[in-house]
Amino acid sequence: MPYRVGESNAVDVLQVQAGDALKHLHESEYSQTSATTASVAGALCISLQRAGEIVGELARAGLADSHGPAIQLTGAGREEARHLLRAHRLYETYLANETGVATEDWHRRADLVEHTLSRQEVDALSNRLGRPQYDPHGDPIPTRDGSLPPRRGRPLLEMPEGSSAEVVHLEDEPASVYRQAADAGILAGARMRILRRGADFLRVAVEDRQCQLPLAVAAAIQVEPCEAPPAVKPLSSLSRGEFGRIASLSATLIGGERRRMLDLGLVPGTRIERDFDSMFGSPTAYRVRGAVIALRREQAERIFLEA
Amino acid sequence: MSPTEEILRDAESARWELGPRFQDEVAARVSEEASHLASRHMHRKGDGSRLRWQRGLDRILTSRITGIPAMASIFAIVLWLTIEGSNVPSAMLAELLVDTLHPWLKAHALALGMWPWLAGLLIDGMYLSGAWVVSVMLPPMAIFFPLFTLLEDFGYLPRVAFNLDRLFQKAGAHGKQALTMTMGLGCNAAGVVATRIIDSPRERLIAILTNNFSLCNGRWPTQILMATVFLGAVAPPALAGVVAAGSVFCVAVLGFLFAFGSSWLLSRTVLKGESSTFSLELPPYRPPNLLRTMHTSLVDRTMIVLWRAVVFAVPAGAVIWLVANVSVGGHSLAWWAIGALDPLAWVMGLTGVILFAYVIAIPANEIVVPTILMLTVLVSGSPVADAPGAGVMFEADNSTLHAMLVSAGWTTLTAVCLMLFSLLHNPCSTTLYTIQKETGNWRWTTLSATLPLALGFLVCSSVAFVWRYLAG
């Protein structure tokens, strides 16, 4: 299988650190904050001295400029950073669409691979995936000539109680935070209502359930305000012979799985009827658009009907 | 900036406004448009009564109380028809191709002045091996595959996948693997081709790699022979038949357990990273189209598999004849090889002859027993009056066979281990070739051979160890 890279691939540590520093500078520029040697050291978890050396190397290579404490990308540096970002996000999209690699492993694997892909390989990967614009985390993938849309989203923690928001970005680092959010069904595209802000938690309603997010998790989520999501119930809650209309697919259905559901015609507004169960309770046969389709329980729990 | 560049630039920046859920929108519109077209241009015929009996039938075939007996009896009938129905045509083909045509060809070739070694190589080796495969393989496949295709065409098989999916899901597999495993009872190569119905890459690979655990039709004769001649013989005469049939059934069930176990293992280890999605459509029941059924089952399944088997068996026939007839240092090549394999075989409760037969009879499981008999006579001399010459495969009646094998050092343990090894060894070369073609990957092909071999070694050695320990 192409593009698959094992852990054992020797990637030059210096090159990786320089690349990570470039990505950090780019992220700072994109979010309009300023980058310093200290912030580089913090982002890469390295000593100040080492960070200074890396910044010096970037400057010598013509990729970064420092004006006083602030470090900025040069044109060439921005181009290189966006190439890395493009490689990283395309590879994550590949892992999501064409493999069964676990969600929390995408970021780590993409970090290993991004340095090894040439520009031609990245373009070929993009074509193969149908030139996606957004990665599975909802982040824009820089185009071939390096363009990116203006940044969207604001911190979830800034949203007032009672308002509604759609997740536009979820930090994929640290992995434990990402996994907690993903387990709660909070991924890019999920709509939620903010219920209550406690001392060390945020209570939100997502899809058909409520959950309590530790503040560290909530802080990793960027949202856009949206209209209040309609009340929904999972497809699995229908009883035999009952029918409903599809409201939405869970944000946790991504990549190949989501595409499969859409291809089966399970799109919003579709009438779906629970027909009969198999002898061990799952899968269940549903009648949709004149066909009978069997879905496993885990799938039916992630398809939502108008309540 | 030229107008074209301007348009391209505008298009590029407009792309971002589509948003991350753009694909969902497109899919929704396509579905909407399709159902709109369908409602305008399609006429529905018939009334609700058809729908009602279809639903009624679904209730019967998928409920726990009626569905399981229905499934078990349909499965039993298909197997019974295959085994019983193929006895007569198999005997007739063997009579024609092996007992009549083979001596006739040999006699005429010699009479026409062909060198004896060439006649041996061509007729005793290549022709006989091909003839054997055809006569054992063709009748059961020509019965099993059409029956299977009839059930498929009627719409029953997707219901079986639906019923059993939960069990397969627990092993990390797809319900449709129930069908490819059943197909494997006919022929593993056909079972591997049938995995095309599984559209999720990970589950399809699992089905391919574990199909070999379905005891194929080429291995049933070995099982039945060992069970009757050795296991039935140690039971009281009244129970001999039951013991023999029961032990074959146990081996087949053991195969299914190994299929589940290794599916579970594979989905959690080497295949963890392969993509996995589930979908299963339950098409409406409809009267099977007989012509199409015969065509798919006979042309697409039976003949292709048979052709591949013959293509592999004929050169193997030459090899089998050669190892028995070419001598180095006063002994045939087979004698040397068997001697070298003997220590390993002892650990596994087998004999060097059996292991060597599995090596040279890799093209088809059908010729393993004839090869074992030929090699036994070759190395231990013949207590059978009419055994043919070196390199000529043959079969014998049960009592002669028992006497011959016992004098060659076989015990009940040998028979048990042979039954287990016949279940747990590498797929035949036809199946390996098919796996290579279907997966396009040497890694999977190698794994599909090494996994059952390793299991076979493990299981046979453990059984032999425990057996010898208990026997003192």
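In what follows, every chain begins at residue 1, and chains take the letters A, B, ... in the order their sequences are listed.
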#### Entry: Audit row: A/Glu92, A/His88, side chain to side chain donor-acceptor pair (under 3.5 Å) steps and yes/no
CA-CA 6 Å; A/Glu92 286 192 333; A/His88 184 100; 3.2 Å; yes
### Message
Looking at A/Glu227 and A/Arg191, is there a salt bridge between them, counting it only when a charged N and a carboxylate O are closer than 4.0 Å?
### Response
no
### Message
Please identify, among A/Arg258, A/Arg259, A/Glu298, A/Arg152, the residue contributing the most non-hydrogen atom pairs under 4.5 Å to chain B.
### Response
A/Arg258
## Note on the structure
Output for pair (A/Ile246 CD1, A/Leu266 CG), nearest 0.5 Å, gives 4.5 Å
#### Entry: Region of B/Ile68 in contact with chain A, defined by heavy-atom distances below 4.5 Å
both
### Message
Does any backbone or side-chain atom of A/Asp277 lie under 4.5 Å from a heavy atom of chain B? Answer side chain, backbone, both or neither.
### Response
backbone
### Message
Which label fits A/Tyr91 and A/Tyr94: parallel for a plane angle under 30°, tilted from 30 to 60°, or perpendicular past 60°?
### Response
tilted
### Query
Do NZ/NE/NH1/NH2 and the carboxylate oxygens of A/Asp111 and A/Arg108 come within less than 4.0 Å?
no
### Summary
Whatever's closer than 4.5 Å to a heavy atom in chain B on A/Arg296 counts as both
#### Entry: Which atoms of A/Leu249 approach chain B - backbone, side chain, both or neither, heavy atom under 4.5 Å
neither
#### Entry: Top contributor to chain A contacts, counting heavy-atom pairs under 4.5 Å, from B/Gly67, B/Ser279, B/Pro284, B/Ser200
B/Ser279
### Message
Can you tell whether the side chains of B/Glu25 and B/Arg29 come within less than 4.0 Å, N to carboxylate O?
### Response
yes
### Query
Checking A/Arg144 against chain B: side chain, backbone, both or neither under 4.5 Å from a heavy atom?
neither
### Message
Tell me whether A/Arg302 is salt-bridged to A/Glu207, with the criterion being a basic N under 4.0 Å from an acidic carboxylate O.
### Response
no
### Task
Please flag which part of A/Ala188 lies under 4.5 Å from any non-hydrogen atom of chain B: side chain, backbone, both or neither.
backbone
### Task
Heavy-atom pairs under 4.5 Å with chain B are the metric here; pick the option from A/Gly290, A/Pro140, A/Pro149 that has the most.
A/Pro149
### Query
Does a side-chain N-to-carboxylate-O contact under 4.0 Å join A/Arg86 and A/Asp123?
yes
### Task
Side chain from CB out, backbone as N, CA, C, O: work out which of these in B/Ser63 comes under 4.5 Å of a heavy atom of chain A, or both, or neither.
backbone
### Query
A/Leu187 and A/Val167: which non-hydrogen atoms are nearest, and at how many Å?
O-CB, 3.6 Å
### Message
Working note: B/Thr195 + B/Arg204, criterion side chain to side chain donor-acceptor pair (under 3.5 Å); need CA distance, chi angles, decisive distance, verdict.
### Response
CA-CA 6 Å; B/Thr195 60; B/Arg204 173 153 188 237; 3.2 Å; yes
### Query
With respect to chain B, which residue among A/Ser147, A/Gly130, A/Gly265, A/Gly138 yields the maximal number of heavy-atom pairs within a distance under 4.5 Å?
A/Ser147
### Engaged part of A/Gln299 at the chain B interface, taking heavy atoms whose separation is under 4.5 Å
side chain
### Task
Name the region of A/Ile141, side chain, backbone, both or neither, that has any atom closer than 4.5 Å to a heavy atom of chain B.
backbone
### Charged N-O contact under 4.0 Å between A/Arg151 and A/Glu29
no
### Message
Could you report the tightest heavy-atom contact between A/Leu238 and A/Gly244, atom names first, then the distance?
### Response
CD1-N, 4.2 Å
### Task
Could you look at A/Val292 and say if it's the side chain, the backbone, both or neither that has a heavy atom under 4.5 Å from chain B?
both
### Query
Tell me, side chain or backbone of A/Thr270 under 4.5 Å from chain B's heavy atoms, or both, or neither?
neither
### Query
Parallel, tilted or perpendicular for B/Phe154 and B/Tyr285, by the 30°/60° rule?
tilted
### Query
What parts of residues 159-169 of chain B touch chain A if we use heavy atoms and a cut-off under 4.5 Å?
B/Phe162, B/Asn163, B/Leu164, B/Asp165, B/Arg166, B/Leu167, B/Gln169
